[in-house]
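Quick caveat: nothing in here was measured; it's all calculated off a predicted structure.
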Amino acid sequence: MTQDWLRWPEEQAREYRARGFWDGRTLDALLREGADLHGERTALVAGGDRLTYAGLDARVDRLAAGLSSLGVARGERVLLQLPNRGEYVVTLFALLRAGAVPVLALPSLGAAEVESLVRTSEACALVVAQGRGRSDPRTPAARIARAVPSVRHLVVVGDPGDTGGVRWEELALSAPLPGEGRGAAAPEGGAPRTAGVAGAASEDLALLLLSGGTTGAPKLIPRTHADYGYNARASAAACGVDGDAVYMAVLPVAHNFTMVSPGIVGTLAAGGTVVLSPDPSPTTAFALIGAERVTITSLVPALVPSWLDEAGRTGHDLSSLRVLQVGGSRLDDTTARRVGPALDCRLQQVFGMAEGLNNYTAPDDPDDVVCTTQGRPLSPADEVAVVDEDGRPVPPGSPGELLTRGPYTLRGYYRARELDALRFTPDGFYRTGDLVTRSARGDLVVVGRVKDQVNRAGEKIAAVEVEEYLLALPGVRAAAVVGVADPDLGERSVALLVCDGERPDREEVRAAVLGRGAAAFKVPDEVRAVAELPLTGVGKVDKRRLRRELEGA
Ligand code: OOB
């Protein structure tokens with residue numbers, strides 16, 4: 001198998017091994033070790049299911065055998081598109097154990113996006129769940145399975161209906177393990193292990209993630225067992241996640257934040273318990289926090305206000321919660337300061353990317369750092385640079401593009417050499433496209449995207465900066481600033497506000513911007529009240545869509 005996109009130079013790889021970052025294990029070995037070390041501890045709580053480490057490991061064995069008997073071979077890609085249910089965790093580890101390469105797809109992806117992922121990865125199978133009505137993923141999955149020549153199997157959690165697919169439950173529960181007769185039931189926590197299944201090696205490709213980038217065809221991010229495992233383990237350590245931790249996944253399970261920051265994989269590597277919340281509403285989540293004594297969970301900023309409001313309104317028992325992680329897009333300072341008092345827990349900001357680099361604020365950072373910065377790189381081997389348009393480092397405190405390389409940051413996209421030439425420097429730094437400032441002590445603040453700016457008559461306005469000013473206005477719950485084509489200005493800036501009650505008038509908006517000492521050209525040209533902002537699958541404001549809608553209007 002050529003894996004030339006996994007191209008850390010050998011010298012660097014040797015260093016990462018020597019320092020113990022790459023430790024020779026596969027991701028499913030982390031789970032196997034958990035079963036050996038603390039087999040009777042609870043690993044996973046999802047819906048009605050409650051699985052011990054031994055029980056989860058046995059199910060993974062069983063499904064890995066089932067997938068292998070179906071003909072899924074080592075190195076083959078399998079698209080995994082499941083909601084927050086236990087089957088996701090079992091399938092993920094079973095694919096890894098079988099040496100197959102899961103391609104993680106958010107449930108919110110449209111059919112065309114899924115098809116494009118399947119084609120790009122040349123997946124041999126799709127795993128989806130039975131759904132309802134128009135959003136039933138079985139229908140597009142069956143069509144894609146027929147249309148894309150690489151696809152040989154469709155596996156459905158629930159009823160395959162008329163898709164011609166295989167029922168997941170059958171594959172997971174009755175496939176024989178090597179050496180067993182057909183149809184034997186799995187001995188939960190029992191001995192037989194997937195001896196005949198050809199697993200992967202630690203530095204092999206483990207999975208493919210979808211880039212958060214919002215333009216063009218999907219870019220696939222290759223992650224190895226060694227690098228992803230390190231990302232998860234180091235994150236668990238940085239976030240205080242150990243065997244007593246109860247981590248609740250409320251964002252989609254396939255997102256990198258919920259996977260390894262420290263997420264599901266980091267928590268299982270540490271011997272803790274993973275709880276899956278079927279949806280991110282505070283009503284569902286708060287009930288689970290109380291019932292399962294959840295200690296840590298993670299949200300995107302768009303969800304935070306409703307959680308804070310609900311906590312103030314209702315008497316749920318949230319006393320077990322120690323850390324609320326927030327990341328995925330910029331958390332404004334005002335909301336950040338409300339988190340601790342409202343939920344009686346620590347806030348941790350997480351600035352991560354599926355491509356690799358994770359930044360965290362530390363548990364012992366002063367409140368000011370926790371509430372106003374997006375943290376520092378996770379690994380002592382993470383290299384970061386903040387550079388200007390010519391690639392020259394900028395002084396501390398000045399904005400520039402963040403470049404990074406390290407033991408868990410990709411060196412190239414999956415089979416995309418041309419793109420790589422643009423997104424990486426010749427010496428292997430990934431150009432994140434994020435505009436940041438870095439303080440003298442190394443704290444990063446995300447001030448925008450290189451492209452998330454309004455170019456108003458040549459003046460560049462970082463959307464995030466103006467959004468921050470607007471969010472500080474009373475009653476403003478959410479704000480998005482976008483540039484819309486304008487015959488005179490090139491682009492004019494439009495602010496969309498979600499407000500409790502009346503929206504601030506132009507004068508108030510003007511004062512909010514100028515009062516912070518910002519230039520007059522940053523005052524939005526237009527302010528509109530909207531009921532809500534369109535969000536992407538994981539809950540980031542969908543600016544592409546906003547721009548499209550505003551320009552079409
Ligand atoms: C996470 O991963 P992706 O791949 O969906 O998106 C990455 C991009 C970053 O390049 C940055 O533009 C933005 O999302 N971002 C943030 C942020 N965290 C991510 N922007 C401002 N403040 C933050 N705290 O979103 C992701 C992956 C792992 C952990 C957390 C988030």
Side-chain angles (χ1 to χ4, degrees), residues 3 5-38 41 43 53 57 92-93 96-97 99 199-207 209 221-245 247 256-257 259-272 274 296 325 348 350-364 375-385 404-412 427-430 442:
Q3 305 189 7
W5 54 91
L6 304 177
R7 41 178 182 268
W8 279 274
E10 184 50 34
E11 191 188 334
Q12 206 108 57
R14 226 178 290 127
E15 181 199 329
Y16 296 153
R17 287 180 209 119
R19 295 175 77 178
F21 303 145
W22 295 358
D23 68 359
R25 289 183 287 177
T26 58
L27 292 169
D28 67 291
L30 297 175
L31 181 64
R32 174 80 91 219
E33 281 169 28
D36 290 339
L37 287 170
H38 28 249
R41 286 233 288 262
Y53 271 84
D57 192 57
L92 173 76
F93 282 99
L96 293 167
R97 188 159 287 172
S202 178
E203 290 174 26
D204 280 352
L205 176 64
L207 30 73
L209 309 174
I221 297 163
R223 304 289 302 259
T224 66
H225 289 266
D227 96 67
Y228 213 50
Y230 172 59
N231 191 157
R233 285 181 284 112
S235 292
C239 302
V241 162
D242 57 17
D244 296 326
Y247 172 81
N256 205 48
F257 196 0
M259 280 288 284
V260 287
S261 302
I264 296 169
V265 181
T267 303
L268 292 176
V274 170
I296 174 168
Q325 299 184 296
Q348 178 175 52
V350 185
F351 163 33
M353 53 205 74
E355 281 84 354
L357 182 70
N358 283 187
N359 304 278
Y360 295 97
T361 56
D364 55 357
R376 292 183 298 279
L378 169 64
S379 170
D382 282 323
E383 299 173 70
V384 295
T404 186
R405 66 180 184 187
Y408 61 100
T409 295
L410 86 176
R411 288 295 184 127
D427 47 2
F429 279 83
Y430 166 59

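Met259 has its side chain out of reach of Leu209: every pair of non-hydrogen atoms, C-beta onward, lies at least 4.5 Å apart. Asp382 places a side-chain heavy atom less than 4.5 Å from the side chain of Leu357. Annotation: side chain of Glu203 is not in contact with side chain of Trp8 (no heavy-atom distance under 4.5 Å). Proximity of Tyr247 to Val241: side-chain heavy atoms (C-beta onward) are nowhere separated by under 4.5 Å. You'll find the side chain of Gln325 reaches within 4.5 Å of the side chain of Pro262, heavy atoms only. Here the side chains of Met353 and Ile221 are not in contact, with every heavy-atom distance at 4.5 Å or above. Using a 4.5 Å heavy-atom cutoff, the side chains of Leu30 and Leu268 are not in contact. Between Leu378 and Tyr408 there is a side-chain heavy-atom pair separated by less than 4.5 Å.
No more than 12 heavy atoms of other residues, nucleotides or ligands shown are found within 6.0 angstrom of CD on Glu11.
One finds the OH atom of Tyr228 at 5.5 Å from the CG atom of Leu207 (value rounded to the nearest 0.5 Å). Interatomic distance, CD of Gln12 versus CZ of Arg17, reported as 11.5 Å (0.5 Å rounding). Rounding to the nearest 0.5 Å places CZ of Arg405 at 5.5 Å from CG of Asp427. Separating the CG atom in Leu31 from the CZ atom in Phe93 is a distance of 5.5 Å, to the nearest 0.5 Å. With rounding to the nearest 0.5 angstrom, the CZ atom of Arg7 is 9.5 Å from the CZ atom of Arg411. To the nearest 0.5 angstrom, Phe429 atom CZ is 4.5 Å from Glu383 atom CD.
The shortest heavy-atom contact between Gln348 and Cys239 is OE1-SG, 3.3 Å. Heavy atoms only, all atoms of each residue included: Arg376 and Ala362 are closest at NH2-CB, 3.9 Å. For the residue pair His225 and Ala201, the shortest heavy atom distance occurs at CD2-O, 3.7 Å. Listed here is the closest heavy atom pair of Gly375 and Asn359: C-CB, 4.0 Å.
A donor-acceptor pair is defined here as one N or O able to donate and one able to accept, closer than 3.5 Å; such a pair exists between the side chain of Arg97 and the backbone of Asp28. Formation of a donor-acceptor pair under 3.5 Å by the Trp22 side chain with backbone atoms of Pro407 is found in this model. Judged by distance alone, the side chain of Arg223 and the main-chain N or O of Ala354 form a donor-acceptor pair under 3.5 Å. Between the Thr224 side chain and the Ala206 main chain, no donor and acceptor come within less than 3.5 Å of each other. Under a 3.5 Å cut-off, the side chain of Ser235 and the backbone N or O of Val260 do form a donor-acceptor pair.
Listed by chain and residue number, Asn358 satisfy the side-chain hydrogen bond (donor to acceptor under 3.5 Å, both in side chains) test with Ser261 (two or more places apart in sequence, or in another chain). Every residue meeting the side-chain hydrogen bond (donor to acceptor under 3.5 Å, both in side chains) condition with Arg233, not counting sequence neighbours, appears here in chain and number order: Asp23. For Arg41, the salt bridge (charged side-chain N to carboxylate O under 4.0 Å, His left out) criterion is met by no residue, not counting sequence neighbours.
Using a 30° and 60° split on the angle between ring planes, Phe21 and Tyr16 fall in the tilted class, from 30° to 60°.
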